[in-house]
Amino acid sequence: MRISFCCTGTPPEPWLSALRAALPQAQVELWSPGSPQADYAVVWAPPQQFLDEQSELKTIFTIGAGVDGLLKLQLPPQVALVRLEDAGMAVQMAEYVSHAVLRHFREFDAYESQARQGQWLQRRARRHADFPVGVLGLGVLGARVAQTLTQFDFPVNGWSRTAKVIEGVQCYADRNQLQQFLAATRILVCLLPLTDQTQGILNRDTLSRLLPGGYVINVARGAHLVDEDLIALLDIGQLAGATLDVFRTEPLPADHAFWTHPKIQITPHISARTLRKESVAQIVEKIMTLQRGESVAGFVNRQQGY
Ligand code: NAP
Ligand code: GLV
């Protein structure tokens, strides 16, 4: 069995060593133009040339959860795509979103600014009931985030394509329940995959439907958000703020208005990092399962786009 590794922006050596150690029977190689045909590939943002040349691949494993970038490329028709499922990302996402929600709810920015001015002032306590959180996308990451937030006593809503049952979470499904979901939500978290159906879903219309003083947390993909609509709603006071981890162009261009907007918090796409040990273990386990002729979870439905 031959495995080709082609992950742009990822130092390959530690990955190659880990894959070789876990699969001593396999030939694991760093791809370069003209490399021999492989059975499996481990990729992130591969060049089109890789896919054009590696025409006999059976399965491509990505070292990320989202496959929007990969699906923009021309893939060999027969190849199956398998994405990472959790692999240590769900707890990171729960940490990140909890931090953003609590920072806003407990007004930590205001307390920080007061402290810098030597001001001792206890602000009025807020009620969880007034800050219902809504999670768009109840998959591997969204479900974990929604469940975590219930532990802080926030009312939690969730929205997905197909109906879900999650303890403590009011679940909505499909486009026809989106407005109901938004109208019941004040802090909106986006954990959807980027597809034709979800592109631009955080826009003037949807964000205006949130409870007054809405707050937006986008940890999915930059293209879910219409940047200028967010800024307009923040500037007229319809929205209270936003925490953004992902952007239409990454790195976020130096002259982008988000950098300096007083109501926007920014991080450089770090809410849930790919962890090598966990990812290699998951991919190796799946390769061994496929080699036995059995099926694995995490296959991407190319028609649905995730
Ligand atoms: P997932 O398990 O595939 O979950 C996707 C969820 O979105 C599912 O609940 C799905 O509904 C729902 N969904 C998809 N299309 C929809 C639509 N048109 N309408 C309503 N709901 C829809 O994905 P995941 O592992 O949780 O990851 C989610 C996304 O997070 C990734 O695609 C990636 O873009 C992003 N991400 C970001 C970072 C970061 O560091 N910022 C890290 C990892 C991942 P069903 O359950 O009904 O199918
Ligand atoms: C990161 O954004 C991922 O999709 O894993």
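Just so you know, these numbers come straight off a predicted model, no measurement behind them. Ligands are counted one by one from 1 in listed order, and the atoms in each one are counted from 1 as well. Residues take their numbers from the sequence shown, with the count starting at 1.
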(message) When you compare ligand 1 with R273, is there at least one nitrogen or oxygen pair between them that comes in under 3.5 angstrom?
(response) no
(message) So is Q92 touching ligand 1 or not, going by heavy atoms under 4.0 Å?
(response) no
(message) Show me which atoms of ligand 2 lie under 4.0 Å from any heavy atom of A65.
(response) 3 (C), 4 (O), 5 (O)
(message) For W159 versus Q177, what's the shortest heavy-atom pair and its separation?
(response) NE1-C, 4.2 Å
(request) Report, in ascending order of atom number, the atoms of ligand 1 lying under 4.0 Å from any heavy atom of Q197. (result) 18 (N)
(request) Return a yes/no value for G66: is any of its N or O atoms, backbone included, closer than 3.5 angstrom to an N or O of ligand 2? (result) yes
(message) Just to check, does L194 reach to within less than 4.0 Å of ligand 1 when the distance is taken from its heavy atoms?
(response) no
(message) Is the positively charged end of R186 above the ring of F131, judged by distance under 6.0 angstrom from the centroid and angle within 45° of the axis?
(response) yes
(request) For ligand 2, find out whether one of its N or O atoms is nearer than 3.5 Å to an N or O atom of W44. (result) no
(message) Give me the atom names and distance for the closest heavy-atom approach of L138 to A146.
(response) CD2-CB, 4.2 Å
(message) Any non-hydrogen side-chain atom of T195 less than 4.5 Å from a side-chain atom of Q304?
(response) no
(message) Taking 4.0 angstrom as the limit and counting only heavy atoms of M89, give me the atoms of ligand 2 inside it, by number and element.
(response) 5 (O)
(message) For ligand 2 and H269, I'd like to know whether there is a polar contact (N/O to N/O, distance under 3.5 Å).
(response) yes
(message) Among M93, E85, R83, which one puts a heavy atom closest to atom 2 (O) of ligand 1?
(response) R83
(message) Within the 4.0 Å heavy-atom shell around R221, which atoms of ligand 2 are there?
(response) 1 (C), 2 (O), 3 (C), 4 (O)
(message) I'd like to know whether ligand 1 has R175 as a neighbour, heavy-atom separation below 4.0 Å.
(response) no
(message) Set out, in order, the CA-CA distance, both residues' side-chain angles and the distance that settles ring-ring contact (aromatic ring centres under 6.0 Å, His included) for F105 and F152, then state yes or no.
(response) CA-CA 11 Å; F105 174 66; F152 294 110; 9.5 Å; no
